[in-house]
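Next up is a structure, given as C-alpha cells.
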Amino acid sequence: MNLKGRSFLRILDFTPEELTYLLDFSAELKAEKKAGKYEVQQKRCAGKNVALIFEKTSTRTRCSFEAAAADLGMHAVYLDPSWSQIGKKESIADTARVLGRMFDGIEYRGFAQKTVEELSAYAGVPVWNGLTDESHPTQILADFLTIREHFGRLKGIHLCYMGDARFNMANSLMTGCALMGMKFTSCAPEKYFPNKELIVQCQKIAEKTGAVLEFSSDLNAVRGADVIYTDVWVSMGEPEAVWEERIRDLLPYQVNADVMKRAGLQCRFMHCLPAYHNTETGVGKDIYAKFGLEALEVTDEVFESSQAIVFDEAENRLHTIKAVMAATL
Ligand code: CP
Ligand code: NVA
C-alpha cells in the first residue's frame, strides 16, 4: 500500500483497504511508541517540516499533530490565521503555493470543506483535514482504532449516533461505517438526519460492503448497539442563538443511564470531545444559568462510567494522526 503524496481530506476518498492499512499502521506506531522505540520513530520523517493552520480552536487535534510531528523527527509550525495573512491579505490558493514551497505537508482546520480542497489542489504537498464543517476524517481513524481495540473488529459493529447528525462528525462516521461494513444508526428527530445526498452515496457503498444504514427517531433503535456515539449539539462556528432549539429537540436524545441500559451492557460510550457533561466549563455554566441543565449531550454519570472509552479515543488521535503523516509524506 502506497499513500505517499496523498492528501487526507475526506473518509470518502479512501477505500476500505486503505483505511485498514492506516489503522494497522496506527497500531504499529502506537506499539512502537509504547515500547520506547524513540529513535526508530525519529527516523520515519526526519528533517521534514509541516505547517498547521487552525482557523478554529483545538486541543486534541493540534496537540496530536504537534506531538506526532516531534515523535517522527519533524518540525511543526503553528499558524494562527489572526496572526498571519491567510484570508485577509492572501487567498487560499496563494497561501497554498507559498506553504507548499516551504513545507512537506500542511494541516488545515476551518469552516468550508472547499477551502481544504482548494489548499490541496494548489499546495503540491499532502494536505490533512483537521476538521471542517462537513467532515472530521482524522477523528474517524482514532474512533475506529479504539473500536478495534475494544471489540477486535469493525465489520458488523453497530454504532448508533445520537443527536445532530448533519455536521462533520456524523457525516464522517456514517461514511466510515459504510466503507468498513458496519451498522450505522442515526437516532434523532428526522430533521437532524444526515444530508440526503451523502446518505445516497453511503447507501451505494453499503451495497458493496454489507454495511447497514438506519435512521430512526425511536429511542429503541439503540437496543443492542455496540457503541453509542454523540457530539456537541452546537458546533464551532454556529451561532449561539441555535442552542434553544437544539436543546428542545435533542434533550430526549441525550445519552443518559436509560439510553445505555436500553442499549445493553456490551455497549461502549464514545464522544470525539470536548463534551458538555457537567457545569465545569464556561459554556456549561452559561447553559445551566439559562436552561437549568447540568449536562447536555451526555450525562456526567455516563461520561464517568466504565462503559465510556472517550479517553482511549482521545489518545488514539495521536497515533492515527501520526500514521496519516508518516504514510503520506
Ligand atoms: N475531537 C477534536 O477534534 O478535539 P479538538 O477540537 O480539541 O481538536
Ligand atoms: N462537531 C464538533 C466537533 C468538535 C471536534 C464541532 O465541529 O465543533
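Each ligand, and each atom within it, is numbered from 1 in the order the structure gives. Any value given below was found using the heavy atoms of this structure, including those in side chains, with hydrogens, waters and symmetry copies removed.
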Which heavy atom in Q254 sits nearest to a heavy atom in A295, and how many Å separate them?
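Here Q254 and A295 meet closest at NE2-O, 3.4 Å.
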Give the atom numbers and elements of ligand 2 that come within less than 4.0 Å of a heavy atom of L273.
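Within the 4.0 Å cut-off of L273, ligand 2 contributes 5 (C).
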Would you call K285-E294 a salt bridge at under 4.0 Å N-O?
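Between E294 and K285 there is no salt bridge, as every charged N stays at least 4.0 Å from the carboxylate O atoms.
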Any nitrogen or oxygen of S235 lying under 3.5 Å from a nitrogen or oxygen in ligand 2? Just yes or no.
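There is such a contact, yes.
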Which residue holds the protein heavy atom closest to atom 7 (O) of ligand 2, what is that atom called, and what is the gap in Å?
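Here the nearest protein heavy atom works out to N168 ND2, 2.8 Å.
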Distance from atom 4 (O) of ligand 1 to nearest protein heavy atom, with residue and atom:
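It is R60 NE, 2.8 Å.
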Would T61 count as being in polar contact with ligand 1, using the rule that some N or O on each side must be under 3.5 angstrom apart?
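Such a contact does occur with ligand 1.
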I want to know whether F8 and F14 have ring centres closer than 6.0 Å.
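Between F14 and F8, which both carry aromatic rings, the centre distance is below 6.0 Å.
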Are any of the N/O atoms in M236 less than 3.5 Å from those in ligand 1?
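No; the residue has no nitrogen or oxygen that sits under 3.5 Å from a nitrogen or oxygen of the ligand.
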Proximity flag H136 to ligand 1, non-hydrogen atoms under 4.0 Å
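Yes, that is the case, since the closest heavy atom of the residue is under 4.0 Å from the ligand.
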Where is the nearest protein heavy atom to atom 7 (O) of ligand 1: which residue, which atom, and how far?
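The closest one turns out to be T59 N, 2.7 Å.
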Got the closest protein heavy atom to atom 6 (O) of ligand 1, with its distance?
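Among all protein heavy atoms, the one nearest atom 6 (O) of ligand 1 is R109 NH1, 2.9 Å.
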If I apply the N/O under 3.5 Å rule, does C272 come out as touching ligand 1?
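Checking ligand 1 against C272, an N or O pair does fall under 3.5 Å apart.
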Please list the nearest protein heavy atom to atom 4 (C) of ligand 2 with its residue and the distance rounded to 0.1 Å.
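Among all protein heavy atoms, the one nearest atom 4 (C) of ligand 2 is L131 CD1, 3.9 Å.
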Atom 2 (C) of ligand 1 - nearest protein heavy atom and its distance
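Of every protein heavy atom, R317 NH1, 3.3 Å lies nearest to atom 2 (C) of ligand 1.
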Where ligand 2 meets M236 - atom numbers and elements under 4.0 angstrom, heavy-atom basis
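Close to M236: 6 (C), 7 (O), 8 (O).
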If we only consider heavy atoms of L273, is any one of them less than 4.0 Å away from an atom in ligand 1?
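A heavy atom of L273 does come that close to ligand 1.
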Heavy atom of the protein closest to atom 1 (N) of ligand 2 (residue, atom name, distance)
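Residue, atom and distance for the closest contact: D231 OD2, 2.6 Å.
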